[in-house]
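Scroll down for the structure; my scribbles are underneath it.
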Amino acid sequence: MATQEDNLFKNVIAHAKEYGFIFPSSEIYDGLSAVYDYGQNGAELKNNLKEYWWKFMTLLHDNIVGIDAAIFMHPTTWKASGHVDAFNDPMIDNKDSKKRYRADVLVEDAITKMEDKIEKEVEKAAKRFGDSFNRETFVTTNARVLEYQKKIDETNARLKDAMGSGNMAAMKQLIVDLDIADPISGTKNWTDVRQFNLMFSTEIGSLADEANKIYLRPETAQGIFVNFLNVQKTGRMKIPFGIAQIGKAFRNEIVARQFIFRMREFEQMEMQFFIKPGEEMKWYEYWKAKRMKWHQTLGLGSDNYRFHDHLNLAHYANAACDIQFNFPMGFKELEGIHSRTDFDLKNHEKYSGKKLQYFDSDDNQSYIPYVVETSVGLDRLFLSVLSKAYTEEKLEDGSDRVVLRIPAPLAPHKVAILPLMKKDGLPEKAEAIMNELKYDLRCFYEEKDAIGRRYRRQDAIGTPYCITVDHQTLEDDTVTIRDRDTMKQERVKIADVKAKLIDVCSINNLLRKI
RNA sequence: GCGGGAGUAGCUCAGUUGGUAGAGCGAUAGCCUUCCAAGCUAUAGGUCGCGGGUUCGAGCCUCGUCUCCCGCUCCA
């Protein structure tokens, strides 16, 4: 199914490599799975996206400041955050169906089934006894129900024990004892339970032992939480306020695919907004709306975004949703907005023994602030721009054109400066114009090949404007500006070029539209 | 990780029953040319993903391995 879209996605990936946006990591050694490098054009586009986000957060909100925390953090950080537990998934495969499951989820499903059986007994009894039925008495006295309940309690205890100790053999035994069958194949032909740790680890210092083990951060948020008091005190921040950060995070995904959508090393742009407890839903809604507006202002088409509420909340959240984008492979998460309550600060307080509270002079009391988080995957944002910008066109004259309709403020190069011919002083004139523009606009100079071919090459890397220097330029100091999207040309005075281009290519102007 | 498919020049691909690697486009240099990729000339690029095996001889057969794509799973 969707072969046309699959092809489109493949073409986007091929185009990204061919035109210097994204290369497979260490490609000469056959690459490294799910790791990619940004090329000369990709790095520019990515930096522009960062600037758009960073300025929106820190320039346009006087109560948000930015930090840049280290990737390495004290190991206890990840115990407090819950990642040591939550990122250790026990997995088991059914040898017949070849499907993989989380072992703890299988056990939980089995427990649910037993609970259903109790409910059935209750329903049957309720029918039998009519009005005189008392649920409380029934479930505490009925032999069959008590037996089920005993089994449930026992299973829960064993599950908790196995998960807590990381005893995978006990987990396997639990699945065997519960007689769990694969819902697909119906067989009980299981592999051993294996632990997958989603955090990368290494050692600090020269001793490679467990005591020196540290992790590469699986999310950037904790760097903000552990610095909450530092920033609040040194910046004299008053609640509500936010801390923003752009940085790398690492996850050892079991399967990481779909190009840069899911990578083992990726970049997040996160903002943690600290608020008074009880006001979280107000701010949650506020940031949902703000972030959606920010995305839509990029101009990739408002229809390509939608909210998706989380039904199963993560261990830290009391409300959560995604902003999804219409990627080539369908609507997928682009940004997460989470109401994290006081989970993180409370736990850091507990594990560190340091008070992480805010004294609110409005009502003279200290409290652990609640947090609303906005978290964009920068690489996903990049993919959203690239995949929507990529367009294959059939022109009226029958020729083909591939054009990246990247929003002008994000484009790697803002303008290409092209002498029509490589003689008659045209290159010199073009160079003079470039020297005028290059301090304000990223320029690309090219004099080789026919002009039409040069235009197409600029289309392929998304340069929004081409300035062509022709013989008339030498006479009256005018040039033509060719528009990437319409392919139309307009003749303007050299003196007017700079202001005209800066106006449409500036990130600051884009920010004004939010 | 498991199952399925793929890997030959920068790109798209051809390569016969095993006989020692080609094309188009692109790139580079030069010529020609006043506006939307296809004018002319020349040049450079490949131990055929990598490593064993069979064979007189392997791009082709065989085994292993790596990477990519699709599905299962997970997530920003």
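Keep in mind that what you see is a predicted model, and the values were worked out from it rather than measured.
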- Query: For the side chain of A/Arg380 and the base of B/C75, is some donor closer than 3.5 Å to an acceptor across the two?
  - Reply: yes
- Message: Would the base of B/C75 count as contacting A/Arg262 through its side chain, where contact means a donor and an acceptor less than 3.5 Å apart?
- Response: yes
- Query: Taking for each residue the nucleotide of RNA chain B bearing the nearest heavy atom, is the 5' side occupied by A/Thr468 or by A/Gly377?
  - Reply: A/Thr468
- RNA chain B nearest-nucleotide lookup for A/Arg482 and A/Leu334: closer to the 5′ end is A/Arg482
Between [atom2] of [N] and [atom1] of [X], the distance in whole Å:
| X | N | atom1 | atom2 | value |
| --- | --- | --- | --- | --- |
| A/Arg456 | B/C25 | CZ | C1' | 15 Å |
| A/Glu447 | B/G30 | CD | C1' | 13 Å |
| A/Met329 | B/C70 | CE | C1' | 13 Å |
| A/Arg484 | B/A37 | CZ | P | 18 Å |
| A/Asp424 | B/U33 | CG | P | 10 Å |
| A/Arg251 | B/C75 | CZ | C1' | 6 Å |
| A/Lys448 | B/A27 | NZ | P | 7 Å |
| A/Gln458 | B/C36 | CD | P | 17 Å |

For the residue pair [X] and [Y], confirm or rule out a side-chain donor-acceptor distance under 3.5 Å.
| X | Y | value |
| --- | --- | --- |
| A/Arg306 | A/Gln324 | yes |
| A/Thr341 | A/Asn318 | no |
| A/Tyr284 | A/Glu373 | no |
| A/Glu44 | A/His413 | no |

- Message: Below the 4.0 Å mark, does B/C25 have OP1 or OP2 next to a side-chain nitrogen or oxygen of A/Arg453?
- Response: no
- Do NZ/NE/NH1/NH2 and the carboxylate oxygens of A/Lys500 and A/Glu490 come within less than 4.0 Å? yes
In whole Å, measure the gap between the [atom1] atoms of [N] and [M] for me.
| N | M | atom1 | result |
| --- | --- | --- | --- |
| B/A14 | B/G24 | C1' | 11 Å |
| B/A27 | B/G45 | C1' | 9 Å |
| B/C48 | B/C74 | C1' | 37 Å |
| B/U20 | B/C60 | P | 14 Å |
| B/C69 | B/C40 | C1' | 42 Å |
| B/G51 | B/G59 | P | 12 Å |
| B/U16 | B/G22 | C1' | 14 Å |
| B/G3 | B/A37 | C1' | 43 Å |

For the side chain of [X], counting heavy atoms from C-beta on, which of [options] is nearest?
| X | options | value |
| --- | --- | --- |
| A/Gln489 | B/C35, B/A29, B/C69 | B/C35 |
| A/His471 | B/C36, B/U28, B/U34 | B/U34 |
| A/Arg491 | B/C69, B/U34, B/C35 | B/C35 |
| A/Ser375 | B/C35, B/G30, B/A76 | B/A76 |
| A/Tyr455 | B/C35, B/G30, B/C75 | B/C35 |
| A/Asp449 | B/G30, B/C35, B/A27 | B/A27 |
| A/Met421 | B/C75, B/U33, B/C36 | B/U33 |
| A/Thr480 | B/C35, B/C36, B/U33 | B/C35 |
| A/Phe266 | B/A76, B/U34, B/A27 | B/A76 |

- How about A/Arg442: does its CZ atom have over 12 heavy atoms from other parts shown lying under 6.0 Å from it? no
- Based on the glycosidic angle (syn within 90° of 0, else anti), state the conformation of B/G30. anti
- Message: Quick check: A/Trp287 with A/His61 (ring centres under 6.0 Å apart)?
- Response: yes
- Task: Determine, using ring centers only, whether A/Tyr215 and A/Phe250 are less than 6.0 Å apart.
- Result: no
- At under 4.0 Å between heavy atoms, what does A/Tyr36 touch on the DNA or RNA strands: base, sugar-phosphate, or nothing? sugar-phosphate
Please report, to 0.1 Å, the donor-acceptor pairs under 3.5 Å made by any side chain of residues 374-390 of chain A, with sequence neighbours excluded.
unit_1   : atom_1 : unit_2   : atom_2 : d
A/Ser375 : OG     : A/Glu270 : OE2    : 3.0
A/Asp379 : OD1    : A/Tyr38  : OH     : 2.6
A/Asp379 : OD2    : A/Glu267 : N      : 2.8
A/Arg380 : NE     : A/Phe261 : O      : 2.9
A/Arg380 : NH1    : A/Glu333 : O      : 3.1
A/Arg380 : NH2    : A/Phe261 : O      : 3.3
A/Ser384 : OG     : A/Leu381 : O      : 2.6
A/Ser387 : OG     : A/Leu383 : O      : 2.7
A/Ser387 : OG     : A/Ser384 : O      : 3.4
A/Lys388 : NZ     : A/Asn326 : O      : 3.0
A/Tyr390 : OH     : A/Glu392 : OE2    : 2.7

Does [N] have a Watson-Crick or wobble mate here (both distances under 3.5 Å), and if so which one?
| N | answer |
| --- | --- |
| B/U54 | none |
| B/A29 | B/U41 |
| B/C72 | B/G1 |
| B/U67 | B/A6 |

- Query: Is there a ring-ring contact (aromatic ring centres under 6.0 Å, His included) between A/Tyr370 and A/Trp283 once you walk through the steps?
  - Reply: CA-CA 10 Å; A/Tyr370 268 42; A/Trp283 288 109; over 10 Å; no
Every protein N/O lying under 3.5 Å from an N/O of nucleotides 6-14 of chain B:
unit_1 : atom_1 : unit_2  : atom_2 : d
B/C11  : OP1    : A/Lys17 : NZ     : 3.4

